[in-house]
Amino acid sequence: MGGVQASEKMARDDLERMKSYKTIIGKVARRYNDIEPALIAAIISRESQAGKSISATNGWGDNGNGFGLMQVDKRHHILRGAWNSETHLDQATKILVDIIEEVQRDFPGWSREKQLKGAIAYYNKGPLVLGYDNVDDITTGEDYSSDVVARAQFYKRTGFREITLEQPKS
């Protein structure tokens with residue numbers, strides 16, 4: 001098994017853990033209108049298996065350089081929040097939003113889908129995206145953006161679309 005099937009299986013394996021973050025994912029997605037909850041969930045799944053691969057290390061991964069559910073790199077950012085917090089997701093999503101805007105400026109001729117896929121690759125490896133045809137060539141596993149897109153499609157089908165926020169208890 002490979003490709004989309006493998007991505008969906010890994011996303012499915014993370015689904016129960018992911019559900020515990022659904023409310024904060026929804027809050028952050030609402031804050032950044034153009035970011036779908038399913039995309040945030042997909043990056044969380046790819047980066048940390050919804051916390052499974054980093055919970056024993058208090059949120060650290062990538063040889064001690066990545067932090068949190070979305071693995072913000074300490075070499076390039078001042079870390080904010082606990083590894084599994086809304087503050088962390090807000091920071092990581094803002095980083096992604098800034099990257100999307102940069103890719104849109106750098107590649108105005110690309111379709112919105114191509115720009116998003118390029119931005120996802122950039123989120124993983126930095127501004128090394130040279131063109132759409134080789135967008136994943138330098139990413140982790142040489143499939144990062146394709147994997148994240150497949151996981152996002154899975155999460156969108158499993159309830160990470162428009163997330164209803166929990167109402168405060170009165």
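For this chain, numbers begin at 1 and follow the sequence in order. Values below: all heavy atoms of this structure, side chains included; hydrogens, waters and symmetry mates excluded.
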Tell me whether the NZ or CZ atom of Lys117 lies within the 45° cone about the ring axis of Trp110 and under 6.0 Å from its centre.
no
Cation over ring, Lys22 on Phe160, under 6.0 Å and within 45°?
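The answer is yes, since Lys22 meets both limits relative to Phe160.
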Please say which of Leu96, Val97, Ile40 ends up in a side chain to side chain contact (heavy atoms under 4.5 Å, CB included) with Tyr32.
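Checked Leu96, Val97, Ile40 against Tyr32; only one passes side chain to side chain contact (heavy atoms under 4.5 Å, CB included): Val97.
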Audit row: Glu102, Ile99, side-chain contact (heavy atoms from CB on, under 4.5 Å) steps and yes/no:
CA-CA 5 Å; Glu102 186 175 334; Ile99 291 169; 5.5 Å; no
Value rounded to 0.5 Å, distance of [atom1] in [X] from [atom2] in [Y]:
X	Y	atom1	atom2	value
Lys27	Tyr21	NZ	OH	15.0 Å
Ser7	Arg46	OG	CZ	7.5 Å
Gln5	Arg12	CD	CZ	9.5 Å
Asn134	Thr139	CG	OG1	10.0 Å
Ile138	Asn124	CD1	CG	7.0 Å

Would a 4.5 Å heavy-atom cut-off, applied to side chains only, mark [X] and [Y] as touching?
X	Y	value
His77	Ile95	yes
Trp83	Ser55	yes
Asp147	Met10	yes
Tyr155	Asp14	yes
Ile44	Met18	yes
Ile120	Leu39	yes
Tyr123	Met70	yes
Arg80	Asp90	yes

Does a side-chain N-to-carboxylate-O contact under 4.0 Å join [X] and [Y]?
X	Y	value
Lys125	Asp137	no
Glu8	Arg151	no
Glu86	Arg31	yes

Looking only at heavy atoms, what is the nearest atom pair of [X] and [Y], with distance?
X	Y	value
Ala42	Ala152	CB-N, 3.3 Å
Pro108	Arg105	CD-O, 3.4 Å
Gly68	Ser48	O-CB, 4.3 Å

Using a 3.5 Å distance criterion without hydrogens, assess whether the side chain of [X] forms a donor-acceptor pair with backbone atoms of [Y].
X	Y	result
Ser45	Ala41	no
Lys94	Leu89	no
Thr57	Ile54	yes
Asp136	Ser145	yes
Ser85	Gly81	no

Check the angle between the aromatic planes of Phe67 and Trp60 and answer parallel, tilted or perpendicular using the 30° and 60° thresholds.
tilted
If hydrophobic clusters are built from ILVMFWY residues whose side chains come within less than 4.5 Å, do Ile24 and Leu15 share one?
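Yes, Ile24 and Leu15 fall within the same hydrophobic cluster.
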Out of curiosity, does Ile100 fall in the hydrophobic cluster containing Phe107 (side-chain heavy atoms, cut-off under 4.5 Å, transitive links)?
yes
Got a sec, which residues hit side chain to side chain contact (heavy atoms under 4.5 Å, CB included) with Asp62, two or more places apart in sequence or on another chain?
Asn65, Gln71, Asp73, Arg75
Evaluation steps, side-chain contact (heavy atoms from CB on, under 4.5 Å), between Glu47 and Tyr144
CA-CA 10 Å; Glu47 290 289 343; Tyr144 187 90; 2.6 Å; yes
